[in-house]
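Only one structure is covered here, and it is reproduced in the block below.
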There are 2 protein chains.
Amino acid sequence: MMAKATDTAERIVAAAERRMRDGGFHGFSFREIAADVGVKSASVHHHFATKQDLAAAAVRRYVDRHMSALGDPDDPGRTPDELIVLYIDLFRHDLVKDCQMCLCGVLASEAAALDSAVAREVRVFFDRNRAWLEAVLKRVMPNARPGEIRGKALTATATLEGALLTAHCLGETEVFESVVVELAKILSG
Amino acid sequence: MMAKATDTAERIVAAAERRMRDGGFHGFSFREIAADVGVKSASVHHHFATKQDLAAAAVRRYVDRHMSALGDPDDPGRTPDELIVLYIDLFRHDLVKDCQMCLCGVLASEAAALDSAVAREVRVFFDRNRAWLEAVLKRVMPNARPGEIRGKALTATATLEGALLTAHCLGETEVFESVVVELAKILSG
DNA sequence: GTCTATAATTTGATAGAC
DNA sequence: GTCTATCAAATTATAGAC
């Protein structure tokens, strides 16, 4: 029985995400992706014309998955504290499971050498994270200045990205937990 | 007049550092380095046999420069607060000047796809940063548990790396400053 | 120490059969 | 939609003249 066409495309972006999370945009090739999926590199090109197209699609899929997991920041059925724990857990999950970096963290570090279309998608990740966190933080500190809310939101993402980076490099997930303890003080104070 | 041999080697590692800070280990080639320096790629190989050798040398040079700029964390002529400001300034400098990432931050993000010798040099960066910060923090909170000192030291580096990453990607140095404001609370409290 | 020349491999990408 | 076959270019790296 033949797999659906969309299935192959899906497996291609999944393989691209995995490869990029390990070695960045310049750290993978069409042939590696093809081997991962079990097709030939010409088939990868059939689904994604250029490497930039493939990378951009992988980032879009990653960001959508990330934001879907976060859900509505104004959901009255969840407390701000629960939402912040959820946010941190999302970054922690792939680190403790596979010592994996955040896809957008990896690509952000090589932003200067990235295709502009790919770089734009990566910036979307940070923008949507900021907007989601601002909504959550507005609930916990309704009287804070917008600039302060924005600063704390950016700090939360930046801190978690840095914690991921450091823990990933040192191979110590405990580093991530150390940082989370300190981050909690920022978000509550 | 001919430039000294060591001069060419120095200019080669400098070019490699610059290229890697933009695009990571897989984001540069010997020919690009050669063109930057004004020699042929065979001459680059004369000074550094392999790409791994060149990358490792660039990291060692970067780390030595970084630690030299920090100096002695126990220097009685400088207060802990001054030292922490110096530490933050060191990360800020190349960001505001050229929107440049930290070399070891870039390489840490692609650690999984890095040659083991290069990866080891990158880990040295984080280890020496931690040791320096632990010495400084011991002075400002002499009664804190070693685990807490270590946690705060790791958090400081991780937070600054994340701030650099985010600001670099978004092209907004203000993001870095927002994070620094919050970081100050961690290091003082 | 730098060069020319080149080997050996890999890269992103395309043409065209099935 | 997948394949074989291939291209043109780029890659790391080496051999040997000067």
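Every chain is numbered from 1, with letters handed out A, B, ... down the list of sequences. Given the structure is predicted, the values throughout are model-derived calculations rather than measurements.
Applying the salt bridge (Lys or Arg N to Asp or Glu O under 4.0 Å) test to B:Asp72 and every residue at least two apart in sequence or in another chain returns nothing. Taking the salt bridge (Lys or Arg N to Asp or Glu O under 4.0 Å) definition, one finds that B:Glu82 meets it with nothing, sequence neighbours left out. Scored by the salt bridge (Lys or Arg N to Asp or Glu O under 4.0 Å) test, A:Glu32 finds A:Arg19 as partners (sequence neighbours excluded). With sequence neighbours left out, the salt bridge (Lys or Arg N to Asp or Glu O under 4.0 Å) criterion links A:Arg61 to A:Glu10, A:Glu17.
Atoms NE2 (B:His47) and P (D:dT12) sit 17 Å apart, rounded to a whole Å. The distance between atom CG of B:Asp115 and atom C1' of D:dT12, rounded to the nearest whole Å, is 14 Å. Rounded to whole Å, the distance from CZ on A:Phe48 to P on D:dG1 is 12 Å.
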Original post:
How does protein contact run along nucleotides 6-18 of chain C, one letter per nucleotide 5' to 3', with B for base contact, S for sugar-phosphate only, - for none, heavy atoms under 4.0 Å?
Top reply: B----BBBBB---

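Between D:dG1 and A:Ser43, no contact under 4.0 Å exists linking OP1 or OP2 to a side-chain N or O. OP1 or OP2 of C:dT2 has not a single side-chain nitrogen or oxygen of B:His46 nearer than 4.0 Å.
Salt bridge status for B:Arg120 with B:Asp127: absent, with no side-chain N to carboxylate O gap under 4.0 Å.
Residue pairs meeting the ring-ring contact (aromatic ring centres under 6.0 Å, His included) criterion with at least one partner in residues 71-108 of chain A, sequence neighbours excluded, are A:His66-A:Phe91, A:Tyr87-A:Phe91, A:Tyr87-A:Trp132.
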